[in-house]
Amino acid sequence: MSIADKVIIVTGGTSGIGDGCSRYFAEQGARVVIASNQAEAGTALAADLKGQGHDADFVEVDVSSEESVEALVERALELHGRIDALVSNAGVWRQGKVTDFTVADWNAVMGVNVMGNLWLAKHIVPVMEGQGQGVICITTSVAAFVGFPAHAVYCASKAALEALIRCLATDHAGKVRVVGVCPGTIDTPMLAASAAGWTQPLEELYADVARRIPVRRLGQPVDVAKAIAFLISDDASYIDAVSLILDGGTLALPPW
Ligand SMILES: NC(=O)c1ccc[n+]([C@@H]2O[C@H](COP(=O)([O-])OP(=O)(O)OC[C@H]3O[C@@H](n4cnc5c(N)ncnc54)[C@H](O)[C@@H]3O)[C@@H](O)[C@H]2O)c1
């Protein structure tokens with residue numbers, strides 16, 4: 001399995017899973033375009049990776065804006081002349097049942113999680129078709145399959161991505177491979193933020209959760225990065241239109 005020399009855009013590449021991907025891909029010799037709306041973290045991460053002799057650049061983007069995504073694609077092409085893979089990972093969450101939800105919640109979550117993926121695909125698929133090949137890997141979530149309490153809009157946004165993976169793969173078959181990763185409980189700032197409302201201290205809560213996961217630990221960003229590296233590599237060239245569940249076995253648990 002090799003991603004060496006591949007030009008890979010990682011959205012949300014400055015925190016959590018995306019940060020893990022940017023670092024791991026760069027260490028594997030890829031040419032990484034780190035893209036997110038965290039300019040300070042992105043500039044520091046790219047400098048850190050460059051300092052270690054890796055090929056990494058930061059491009060600020062708001063994936064919910066078509067104009068901003070177009071500028072990201074232009075910059076990636078200016079830097080490298082091609083885009084081998086898009087790791088479309090930027091995401092946001094909101095707590096709340098449907099009975100609590102507001103249009104602002106809908107726009108925030110769907111704007112990034114769903115529209116972001118549509119804008120990225122709209123502007124990157126033509127580049128990949130022109131090249132004759134390319135891979136898109138979208139980060140969904142087990143939330144696409146499980147009714148997480150008080151996360152209705154987030155769950156709906158991730159279920160939409162599972163459908164989008166299949167549609168993109170069939171519409172652009174033969175040139176663009178489209179896959180997904182579907183993480184379970186990964187130790188990231190987003191997980192910590194979503195656990196903030198619980199009464200238990202975070203460490204205790206994580207230890208309880210880890211005891212219930214079949215592999216007995218939370219996932220780390222690098223666990224997801226390694227799976228994505230395989231999925232976007234040429235060794236995975238027969239894998240298309242599906243997402244890989246990466247949850248340490250959680251979804252297999254019976255309800256007792
Ligand atoms: N952590 C988990 O347990 C878990 C589980 C399943 C799925 N996921 C998904 O994995 C992805 C990464 O999550 P994480 O846990 O690493 O979260 P995180 O909050 O640590 O990182 C999210 C990243 O997305 C970026 N981002 C947010 N809005 C953006 C926008 N409008 N434009 C550009 N970048 C934007 C942020 O700046 C950040 O870099 C998300 O799509 C999330 O839904 C996470």
Side-chain angles (χ1 to χ4, degrees), residues 9-24 32-46 58-73 75 86-95 107-120 123 136-146 148 151 153-162 164-165 180-196 202 205-206 209-210 213 217-225 227-228 243-248 250-251:
I9 296 178
V10 183
T11 70
T14 47
S15 176
I17 293 171
D19 173 273
C21 287
S22 299
R23 291 178 190 278
Y24 183 72
V32 186
V33 179
I34 304 164
S36 88
N37 58 358
Q38 295 172 308
E40 208 176 308
T43 308
L45 177 57
F58 173 69
V59 181
E60 189 172 356
V61 67
D62 173 1
V63 296
S64 68
S65 149
E66 179 172 21
E67 210 178 29
S68 183
V69 167
E70 274 186 287
L72 163 67
V73 175
R75 182 71 189 123
L86 163 68
V87 174
S88 184
N89 164 81
V92 293
W93 69 286
R94 285 289 183 284
Q95 208 160 10
N107 288 341
V109 175
M110 291 294 175
V112 176
N113 296 6
V114 182
M115 288 292 280
N117 272 287
L118 293 170
W119 295 137
L120 285 157
H123 293 285
I136 296 175
C137 181
I138 297 177
T139 308
T140 75
S141 170
V142 292
F145 305 109
V146 174
F148 280 172
H151 278 80
V153 180
Y154 179 74
C155 289
S157 76
K158 293 299 182 175
L161 297 183
E162 289 289 331
L164 184 62
I165 287 167
V181 280
C182 181
T185 313
I186 314 297
D187 187 1
T188 70
M190 183 189 282
L191 185 71
S194 70
L202 199 62
L205 179 64
Y206 280 8
V209 172
I213 295 173
R217 65 175 178 87
L218 266 58
Q220 293 301 319
V222 73
D223 293 317
V224 184
I228 295 176
S243 67
L244 175 68
I245 292 174
L246 276 168
D247 69 346
T250 311
L251 283 191

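Indexing begins at 1, ligand by ligand and atom by atom, following the structure's order.
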Which atoms of ligand 1 are found less than 4.0 Å from any heavy atom of [X]?
| X | result |
| --- | --- |
| Thr139 | 9 (C), 10 (O), 11 (C) |
| Asp62 | 30 (C), 31 (N), 32 (N) |
| Pro183 | 5 (C), 6 (C), 7 (C) |
| Val61 | 32 (N), 33 (C) |
| Gly12 | 23 (C), 24 (O), 25 (C), 39 (O) |
| Ala90 | 24 (O), 26 (N), 34 (N), 35 (C), 41 (O) |
| Ile17 | 10 (O), 16 (O), 44 (C) |
| Gly16 | 16 (O), 20 (O) |

Report yes if the side chains of [X] and [Y] come closer than 4.5 Å at any heavy-atom pair, otherwise no.
| X | Y | value |
| --- | --- | --- |
| Cys182 | Lys158 | no |
| Val73 | His123 | yes |
| Leu72 | Val33 | yes |
| Val142 | Thr250 | no |
| Ser157 | Trp93 | no |

Report task. Kindly indicate, with the supporting measurements, whether the criterion side-chain contact (heavy atoms from CB on, under 4.5 Å) is fulfilled by Asp247 and Thr185. Result -> CA-CA 6 Å; Asp247 69 346; Thr185 313; over 6 Å; no
Report task. Just jot down the side chain to side chain donor-acceptor pair (under 3.5 Å) partners of Ser64, sequence neighbours excluded, or say none. Result -> Asp62
Query - Residues forming a side chain to side chain donor-acceptor pair (under 3.5 Å) with His151, sequence neighbours excluded - result: none
Report summary line: Within the 4.0 Å heavy-atom cut-off, what Val142 brings close to ligand 1 is neither
Report summary line: Thr188 and Ile17 have their tightest heavy-atom pair at CG2-N, 3.8 Å
Among all protein heavy atoms in this structure, tell me which lies nearest to [atom], with the distance rounded to 0.1 Å.
| atom | answer |
| --- | --- |
| atom 32 (N) of ligand 1 | Val63 N, 3.0 Å |
| atom 22 (C) of ligand 1 | Gly91 O, 3.8 Å |
| atom 29 (C) of ligand 1 | Asn37 ND2, 3.3 Å |
| atom 17 (O) of ligand 1 | Met190 CB, 3.2 Å |
| atom 14 (P) of ligand 1 | Thr188 OG1, 3.6 Å |
| atom 4 (C) of ligand 1 | Gly184 O, 3.9 Å |
| atom 3 (O) of ligand 1 | Ile186 N, 2.8 Å |
| atom 12 (C) of ligand 1 | Asn89 OD1, 3.4 Å |

Geometric N/O contact [X] with ligand 1, under 3.5 angstrom:
| X | result |
| --- | --- |
| Thr185 | no |
| Ser15 | yes |
| Lys158 | yes |

Please confirm whether [X] comes under 4.0 Å of ligand 1, counting heavy atoms of the residue only.
| X | answer |
| --- | --- |
| Thr14 | yes |
| Tyr154 | yes |
| Asn113 | no |

Query - Main-chain N/O of Leu161 paired with Thr140 side-chain donor or acceptor, under 3.5 Å - result: no
Query raised in the report: Would you find a donor on one side and an acceptor on the other, under 3.5 Å apart, between the side chain of Tyr24 and the backbone of Asp223?
Result: no
Requested in this report: Start with the C-alpha gap between Val87 and Val181, add the side-chain angles, then the distance that decides, and say whether side-chain contact (heavy atoms from CB on, under 4.5 Å) holds.
Outcome: CA-CA 10 Å; Val87 174; Val181 280; over 6 Å; no
Requested in this report: Take Tyr154 and Ser194, measure what side-chain contact (heavy atoms from CB on, under 4.5 Å) needs, and give me the verdict at the end.
Outcome: CA-CA 12 Å; Tyr154 179 74; Ser194 70; over 6 Å; no
Query - Positive for side chain to side chain contact (heavy atoms under 4.5 Å, CB included) with Asp19, one of Ile34, Thr14, Leu45 - result: Leu45
